[in-house]
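Accompanying notes for the structure given below.
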2 protein chains.
Amino acid sequence: MTAMTWQAVQAEALRRIRTREWPPGARIPDEEDLARELGCARTTVNRALRDLADAGLLDRRRRAGTHVATTPVRKATFEIPIIRQDVEARGLVHGYTLLTRAMAPPDAATCRALALPGDVPLLRVVALHLAGGAPFCLEDRWINPVAAPGVEQADLSVTSANEWLVRHTAFSGGGIEFGAVAADAVQAAHLACAPGAALFEIVRTTWAGADPITAVRLTYAPGYRMKTAL
Amino acid sequence: MTAMTWQAVQAEALRRIRTREWPPGARIPDEEDLARELGCARTTVNRALRDLADAGLLDRRRRAGTHVATTPVRKATFEIPIIRQDVEARGLVHGYTLLTRAMAPPDAATCRALALPGDVPLLRVVALHLAGGAPFCLEDRWINPVAAPGVEQADLSVTSANEWLVRHTAFSGGGIEFGAVAADAVQAAHLACAPGAALFEIVRTTWAGADPITAVRLTYAPGYRMKTAL
DNA sequence: CGTTGTAATATGTATGCACATATTCGGGCT
DNA sequence: AGCCCGAATATGTGCATACATATTACAACG
């Protein structure tokens, strides 16, 4: 009778939530009762419900019990694709062209994003990713050579800057932002679209403790959409 | 010496990954060894490493052991805000205006998204969300009255359509998409921007089993960005 | 020489138990 | 009435153990 896995318990709980047998806001039976009812150990129930609470479907508080969340969808997890994989997953050939590579003082937005004074020169790398020969994504990256020693000597025309950094720097955290921007002249030229076209943009920053490593702005060709299932 | 919680084990593992004591791709000690080394039970190590694997930092395979992922950041979880909460979290007053509410056959994109034939009329609800009096987000929603019985009688000028659906329908899954679009005339008028301006857009669909419930397109005023930490 | 079966191995999961911790409830005191 | 404190309660966590399962390595076999 060990047929009750935590997945089965979770599936049953999910069913009761979705069929509104346990309506939004309601308090559900406590772990011990559920364990008895479903014929398994309390730890198994705990595992099942804990995951549902992590997903935002349940609210659990000690002594107060477990309640069905009133706002069912609160979190979504996105796969942040490596561009090459993203392209290849579409059945297209990935291409990569290094456009710019120079030391320069960062622009104001990058300074803010990386919490750096404007007079420290950073390595700027601009590259274009192609999918099946067509422009796919423009990558505009600033790298802090202090946090990434050796990057000034690296050959980034073969290894992409992303791969080099993954292999050579210690990463401890960062941030990611999504937004929409109008194509400027440079973006329009490289992405083969009209200036002013609406482009999907991802900005990522990564840090090693308190030291900024890199900030990258990915601007996708028109029509790009990022999807996930709920 | 029972001070070793699973959080502590996880923190230690994270430290070793980030300091490259365990470099990308390397195989790490198995659970039993780690448990012995850190002075805790194998189940505690399992709990700690399982969560890291869920987050994409580790690859675990039976018999093959646990390896540090070579692509450190693969997933990001976003809080999908209820618009009212999103606005209020910015310290602004939320406003809501119902603009349109009518039965109509859906457009081609909505038909595709909901896998419906084009001749079934749906309830279309268009509303504008305000933040501190300024346009914030345009909500363009199609509701399948078959999957949401009673919605045709609901007063959606007080209760938002989202709240009504959360309370009255059984949800089983869905999808979400992010993208960028150029403002059309209607969007420009309501969001107080120029036609053609780059707008951030979220499209969400929800289902009850095989039946589509609703598709909603949220178009945000220029400048909106969605952020999360890694 | 490839193929297939089998044993070894690392992770995955269930269980019973004990204790920790947060939160609520209610009683008793002022 | 209001406040404080202890008891009750539900979840959170750790441990030892046992067994399940996927995967690899390797040896036997045709």
Side-chain angles (χ1 to χ4, degrees), chain A residues 1-17 21-70 74-75 77, chain B residues 1-17 21-71 74-75:
Chain A
M1 261 254 271
T2 324
M4 213 59 190
T5 66
W6 69 266
Q7 289 97 333
V9 174
Q10 188 173 73
E12 172 61 15
L14 210 47
R15 191 190 64 75
R16 293 187 186 183
I17 294 169
E21 190 175 324
W22 290 342
R27 175 169 180 182
I28 75 174
D30 64 43
E31 297 182 346
E32 213 156 352
D33 290 345
L34 274 175
R36 226 192 330 275
E37 182 197 336
L38 300 175
C40 64
R42 185 171 79 87
T43 44
T44 305
V45 175
N46 183 280
R47 169 79 194 270
L49 298 187
R50 177 163 40 80
D51 277 17
L52 290 178
D54 285 346
L57 276 88
L58 294 175
D59 275 335
R60 320 191 74 199
R61 270 160 41 234
R62 281 168 167 159
R63 161 79 208 206
T66 301
H67 294 256
V68 179
T70 48
R74 286 166 34 191
K75 293 181 184 172
T77 69
Chain B
M1 211 43 94
T2 325
M4 214 60 191
T5 66
W6 70 266
Q7 288 97 333
V9 174
Q10 188 172 76
E12 174 61 14
L14 210 47
R15 190 190 64 75
R16 293 188 186 181
I17 293 169
E21 190 175 324
W22 291 342
R27 176 167 179 184
I28 76 173
D30 64 43
E31 296 183 344
E32 212 155 353
D33 290 346
L34 274 175
R36 226 192 329 275
E37 181 198 334
L38 299 174
C40 64
R42 185 172 79 88
T43 45
T44 306
V45 175
N46 184 281
R47 168 80 193 269
L49 298 188
R50 177 163 39 81
D51 278 16
L52 290 178
D54 285 346
L57 276 89
L58 294 175
D59 275 335
R60 320 192 75 200
R61 270 159 42 231
R62 281 172 168 157
R63 161 81 207 207
T66 301
H67 294 256
V68 179
T70 48
T71 57
R74 287 165 33 189
K75 294 181 184 172

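Throughout, protein chains are lettered first and strands after them, A, B, ... in sequence-line order, and every chain is numbered starting at 1. Below, each value reflects all heavy atoms present in this structure, side chains not excepted, and no hydrogens, waters or symmetry copies.
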Distances under 3.5 Å only, N/O to N/O: pair up the protein atoms with those of nucleotides 4-8 of chain C.
from, atom 1, to, atom 2, distance (Å)
C/dA8, N3, B/Arg63, NH1, 2.8

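The residue among A/Cys40 and A/Arg61 whose nearest nucleotide of DNA chain C lies closer to the 5′ end is A/Cys40. Of the two residues near DNA chain D, B/Trp6 and A/Pro29, the one whose nearest nucleotide lies more 5' is A/Pro29.
Contact annotation: A/Thr66 reaches the phosphate of D/dT11 (side-chain N/O to OP1 or OP2, under 4.0 Å). An OP1 or OP2 oxygen of D/dT13 is reached within less than 4.0 angstrom by a side-chain nitrogen or oxygen of B/Gln7. Between A/Asn46 and D/dG12, a side-chain N or O to OP1/OP2 separation shorter than 4.0 Å is present. Between A/Thr44 and the phosphate of C/dT13, there is no side-chain N or O to OP1/OP2 separation shorter than 4.0 Å. A sub-4.0 Å separation between OP1 or OP2 of C/dA14 and a side-chain N or O of A/Thr5 is present.
For A/Glu37, the CD atom counts as densely surrounded, since its 6.0 Å shell holds more than 12 non-hydrogen atoms of other residues, nucleotides or ligands.
Listed nucleotides D/dT11, D/dC15, D/dT24 differ in distance to A/Arg42; the shortest reach to its side chain belongs to D/dT11. Closest to the side chain of B/Thr43, out of D/dA16, C/dT23, D/dT24, is D/dA16. Candidate nucleotides D/dG14, C/dA14, D/dA22 were compared by shortest atom distance to the side chain of B/Arg62, and D/dA22 ranks first. Distance from the side chain of A/Arg60 is smallest for D/dG12 among the nucleotides C/dT11, D/dG14, D/dG12.
By the side-chain hydrogen bond (donor to acceptor under 3.5 Å, both in side chains) test, B/Asp33 pairs with B/Arg36, sequence neighbours left out. Scored by the side-chain hydrogen bond (donor to acceptor under 3.5 Å, both in side chains) test, A/Arg15 finds A/Glu12, A/Glu21 as partners (sequence neighbours excluded). The side-chain hydrogen bond (donor to acceptor under 3.5 Å, both in side chains) search around B/Gln10 returns none, not counting sequence neighbours.
The distance between atom CG of B/Leu34 and atom C1' of D/dG14, rounded to the nearest whole Å, is 17 Å. One can place CZ of B/Arg27 at 12 Å from C1' of D/dA25, the figure rounded to the nearest angstrom. In this structure, B/Arg50 atom CZ and C/dA14 atom P are separated by 10 Å, rounded to whole Å. Here C/dA14 presents its P atom at 12 Å from CG of A/Leu38, a figure rounded to the nearest Å. Distance, B/Glu32 CD to C/dT13 P: 18 Å, rounded to whole Å. Per the geometry, CG belonging to A/Asp59 stands 18 Å off P belonging to C/dA22, to the nearest Å. Residue B/His67 contributes atom NE2, which lies 13 Å from atom C1' of C/dT9 at whole-angstrom precision. Counting to the nearest Å, the C1' atom of C/dT11 and the CG atom of B/Leu52 are 15 Å from each other.
Pairs passing the salt bridge (charged side-chain N to carboxylate O under 4.0 Å, His left out) check and including a residue from residues 44-54 of chain B, sequence neighbours excluded, do not occur. Within the structure, the salt bridge (charged side-chain N to carboxylate O under 4.0 Å, His left out) test picks out the following pairs touching residues 60-69 of chain B (sequence neighbours left out): B/Glu31-B/Arg60.
One distance of note links CG of A/Leu38 with OG1 of A/Thr44; it measures 10.0 Å at 0.5 Å rounding.
Side-chain contact check for B/Val68 versus B/Pro23: every heavy-atom pair is 4.5 Å or farther apart.
With hydrogens and angles ignored, no donor-acceptor pair closer than 3.5 Å exists between the side chain of B/Arg47 and the base of C/dG12.
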